[in-house]
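All values derive from a computational prediction rather than experimental measurement. Order of the sequence lines fixes the chain letters, A, B, ..., with proteins taken first and strands second; residue numbering starts at 1 for each chain.
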Protein chains: 2
Amino acid sequence: MLTLKQIITMLHQKGHKVTPQRLAICEILFSYKSHPTADEIYKRVSQKFPTISLSTIYQTLNLLMKLGLIQELGFPNISSRYDANTSPHIHIICPKCGNTQDYEDKKFEELWSKFITKLNFKPIGQRLEIYKYCDKCSKIG
Amino acid sequence: MLTLKQIITMLHQKGHKVTPQRLAICEILFSYKSHPTADEIYKRVSQKFPTISLSTIYQTLNLLMKLGLIQELGFPNISSRYDANTSPHIHIICPKCGNTQDYEDKKFEELWSKFITKLNFKPIGQRLEIYKYCDKCSKIG
DNA sequence: TTTTAATTAATAACGATTATGAATTAGGAG
DNA sequence: CTCCTAATTCATAATCGTTATTAATTAAAA
């Protein structure tokens, strides 16, 4: 996963401005191993920047995606989540609330990577997902 | 993939009515190896039932999902697609238009199935997806 | 044939995300 | 350091896929 310094360099290189808002958003995405929604990022950045707009969060997320630094995990009906780890790995996801956690299996990741390289094209992303109601959601029903 | 007869039996068993609208929707889902959107289904069923409502399409899709007969493939910003093949297989998807095609690799499917059975829980679904702009969308940019 | 709960269909409502546009600001030029 | 300008931010409106609501209709059991 990238460091903030690397991200700043990358933004400068591609001619994008490095704003405090962008840094705050990146800090959340790249410092924690979570998969936050836009709104979760918004709430956390708001603590530092009380006037930040949700709009800015989405614009920054879209920029980071265009640069290939993060991946969007979209689901039906519920908010997308954003993952700063773009290398292949398995997610275990609750289809009701979207709670997403990594499932580490180095062997399988390696196998999948090999499979990807054998394709006759270069994919721009991939998803390996297993669905399972989380404890909270399976209690509610 | 299930036949219409099997679906009818299943609906009766679970106490659901077998309506001409539901049959028409199932016919589209289970007779072709496509992954249509709700609107695509709506347009096709409308030819037979000009007064059908998009609402009915969604209600039927949700029923079929609850029965575990189809899987929803949801994406950010674009319409979900519905797949009547619920056994594990790889999709190649255009992230722009959502065009989805199957990628058959029996060996990998077997490997994944084995992996699933080794988990200490029974998943309610899974997705194996590779993203790649389709010819149309990569031309537009 | 009658009855009744399930289903349909039309429309309103919802919610996540994008679009718009005026005000602000990062960062280069002088 | 100051000025300039295009990029960015922020507030709000708009969009669009999907769900909720409800009156009218219908499948299917009695």
Other residues, nucleotides, ligands: >12 heavy atoms within 6.0 Å of Q6(A) CD:
yes
Rounded to the nearest 0.5 Å, what separation is found between the CE atom of M65(A) and the OG atom of S80(A)?
7.5 Å
Hydrophobic clusters here meaning ILVMFWY residues chained together by side-chain heavy-atom distances under 4.5 Å, can you tell me if I93(B) and I130(B) are in one?
no
For Y133(B), does the OH atom have more than 12 heavy-atom neighbours from other residues, nucleotides or ligands under 6.0 Å away?
no
Pair E40(A), K43(A) - check salt bridge (charged side-chain N to carboxylate O under 4.0 Å, His left out), show working.
CA-CA 5 Å; E40(A) 282 164 11; K43(A) 290 214 174 79; over 6 Å; no
Drop me the distance from K132(B)'s NZ to I124(A)'s CD1, to the nearest 0.5 angstrom.
9.5 Å
What is the first contacted nucleotide of DNA chain D and what is the last, in 5' to 3' order, if contact means an atom lying under 4.0 angstrom from a heavy atom of chain A?
dA6(D) to dT19(D)
Between Y58(B) and G15(A), the residue closer to the 5' end of DNA chain D by nearest nucleotide is G15(A)
Side chain to side chain, K48(B) and E27(B), heavy atoms closer than 4.5 Å
yes
List in numerical order all residues of residues 64-80 of chain A for which some heavy atom is under 4.0 Å away from an atom belonging to DNA chain D.
N77(A)
Between A38(A) and L61(A), which heavy-atom pair has the shortest distance, and what is it?
CB-CD1, 4.0 Å
Is there a donor-acceptor contact under 3.5 Å linking the side chains of Y103(B) and Q101(B)?
no
Are there more than 12 heavy atoms of other residues, nucleotides or ligands under 6.0 Å from atom CZ of F49(A)?
yes
Could you check which residues of residues 29-51 of chain A get a heavy atom under 4.0 Å from DNA chain D? Sort them by number, please.
T51(A)
Which residues pass the ring pair (Phe, Tyr, Trp, His ring centres under 6.0 Å) test with H91(B), not counting sequence neighbours?
H35(B), H89(B)
Counting the benzene-type ring for Trp, do F108(A) and F108(B) have ring centres under 6.0 Å apart?
yes
Less than 3.5 Å apart, any donor N or O on the side chain of Q21(B) or T56(B) sitting next to an acceptor on the other?
no
F75(A) six-ring centre to R127(A) NZ/CZ under 6.0 Å and within 45° of normal
yes
Footprint string (nucleotides 19-30 of chain C, 5' to 3'): B base within contact, S backbone only, - free, heavy atoms under 4.0 Å:
B-----BBS---
Double-helix bend of the helix from dT1(C)-dA30(D) to dG30(C)-dC1(D), axes at both ends from 5 pairs, round to 10°, gives 30°
